[in-house]
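Have a look at the structure below, then the notes.
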Amino acid sequence: MVFDDKQGMKIAFEEAKKKGGVPIGGALIHEDGTILGRGHNMRFQSSSATLHGEISTLENAGRLKGSIYKKCTMYTTLSPCHMCTGACIMYGIKRVVLGENDNFVGGEDLLKQKGIEVVNLNDKDCKDLMSKFIKERPEDWYEDIGE
């Protein structure tokens, strides 16, 4: 079964809605439609400095051969920060589909410079979820992005 981008984002959004942390979710999906990993930001729940949504997704996918990443799309509900951008570049993920970049713009230009396709779905639900979090928990948001 091959996923379209809306289906992939639906999985990432389900992850983002999990309680307790910054509402950013991800899904790593192979071009054949296999869901290899899904995850959400766990910095607060795990007392981690680095467990962003995309990193959690990669962690949950486990160790994969490099050739597999090159056939995958990373779905993320928000534009990936530079750390998560770096992980996508390092593993050679071919596409990054983001839910939105109104609330935060990360390393999209760097992804494109490295030949990675970037698609912004400009999703209202993703925007609303993140905007609500930033409004309600600004100190946690700014900690998460290193400000």
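Of all the heavy atoms in C72 and L36, the pair that sits closest is SG-CD1, 3.5 Å. Of all heavy-atom pairs spanning C126 and G99, the tightest one is SG-CA, 3.9 Å. Here the closest heavy-atom approach between residue S79 and residue G107 is recorded as OG-N, 4.5 Å. When every heavy atom of L111 is checked against every heavy atom of C88, the shortest pair comes out as CD2-CB, 4.0 Å. In plain terms, the two heavy atoms of T57 and G37 that are nearest each other are CG2-O, 3.6 Å. When every heavy atom of Y69 is checked against every heavy atom of L58, the shortest pair comes out as CE2-CD2, 4.0 Å.
Transitive grouping of hydrophobic side chains (ILVMFWY, heavy atoms separated by less than 4.5 Å) brings M9 and I29 into a common cluster. Hydrophobic cluster membership differs between L78 and M83, with clusters built from Ile, Leu, Val, Met, Phe, Trp and Tyr side chains linked at under 4.5 angstrom. Follow the hydrophobic side-chain contacts under 4.5 Å out from M74 and you reach I116 in the same cluster. Cluster membership check: I24 does not share its hydrophobic cluster with L98, using side-chain heavy-atom separations under 4.5 Å among Ile, Leu, Val, Met, Phe, Trp and Tyr. A continuous path of Ile, Leu, Val, Met, Phe, Trp and Tyr side chains, each step under 4.5 Å between heavy atoms, connects M90 with I93, placing both in one hydrophobic cluster.
Atom CG of residue L51 and atom NE2 of residue H40 lie 8.5 Å apart, to the nearest 0.5 angstrom. Rounded to the nearest 0.5 Å, atoms OG1 (T76) and CG (L121) are 11.0 Å apart. In this structure, the separation between CG on D102 and CG on N122 is 6.0 Å, given to the nearest 0.5 Å. Here NZ of K94 is found 9.0 Å from NZ of K71. Values are rounded to the nearest 0.5 Å.
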**Request:** Walk me through it: do M130 and V22 pass the test side chain to side chain contact (heavy atoms under 4.5 Å, CB included)?
**Result:** CA-CA 8 Å; M130 196 69 236; V22 181; 3.9 Å; yes

**Request:** Assess whether side chain to side chain contact (heavy atoms under 4.5 Å, CB included) is satisfied between V97 and V118, documenting all intermediate values.
**Result:** CA-CA 6 Å; V97 176; V118 176; over 6 Å; no

**Message:** Walk me through whether I55 and C84 qualify under side chain to side chain contact (heavy atoms under 4.5 Å, CB included).
**Reply:** CA-CA 6 Å; I55 302 299; C84 297; 3.8 Å; yes

**Request:** Could you please spell out the steps behind the side chain to side chain contact (heavy atoms under 4.5 Å, CB included) verdict for E14 and R38?
**Result:** CA-CA 10 Å; E14 287 169 3; R38 53 190 295 163; 3.0 Å; yes

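Within a 6.0 Å radius of CD in E59, no more than 12 heavy atoms belonging to other residues, nucleotides or ligands are found. For OH of Y91, the number of neighbouring non-hydrogen atoms (other residues, nucleotides, ligands) closer than 6.0 Å is 12 at most. K10 NZ: 12 or fewer foreign heavy atoms inside a 6.0 Å radius. Counting heavy atoms of neighbouring residues, nucleotides and ligands inside a 6.0 Å radius, atom NZ of K127 exceeds 12 of them.
Counting only distance, with no hydrogens or angles, the side chain of E136 and the backbone of F133 share no donor-acceptor pair below 3.5 Å. Counting only distance, with no hydrogens or angles, the side chain of H30 and the backbone of D32 share a donor-acceptor pair below 3.5 Å. Looking at D4, its side chain does come within 3.5 Å of a backbone N or O of Q7 through a donor-acceptor pair. In this structure a side-chain-to-backbone donor-acceptor pair under 3.5 Å is present from T85 to C81. Between the side chain of T77 and the backbone N or O of G25 there is at least one donor-acceptor pair closer than 3.5 Å. Using modelled atom types, one side-chain atom of S48 and one backbone atom of T50 make a donor-acceptor pair closer than 3.5 Å.
Both tests pass for R137 against the ring of F44: distance under 6.0 Å to the centre and angle within 45° of the axis.
Counting only N and O atoms by type, the side chains of K18 and N41 include no donor and acceptor under 3.5 Å apart. N120 and E100 form no side-chain donor-acceptor contact under 3.5 Å, judged by distance and modelled atom types alone.
Annotation: side chain of F13 is not in contact with side chain of Y75 (no heavy-atom distance under 4.5 Å). Two residues are said to be in side-chain contact when any heavy atoms from C-beta on lie closer than 4.5 Å; L110 and I89 meet this criterion.
With salt bridges taken as basic N to acidic carboxylate O contacts below 4.0 Å, one links R95 and D5. Salt-bridge check for D128 with K124: passed, with a basic side-chain N closer than 4.0 Å to an acidic carboxylate O. A salt bridge between E117 and K112 is absent, with no side-chain N of the basic residue lying under 4.0 Å from a carboxylate O of the acidic one.
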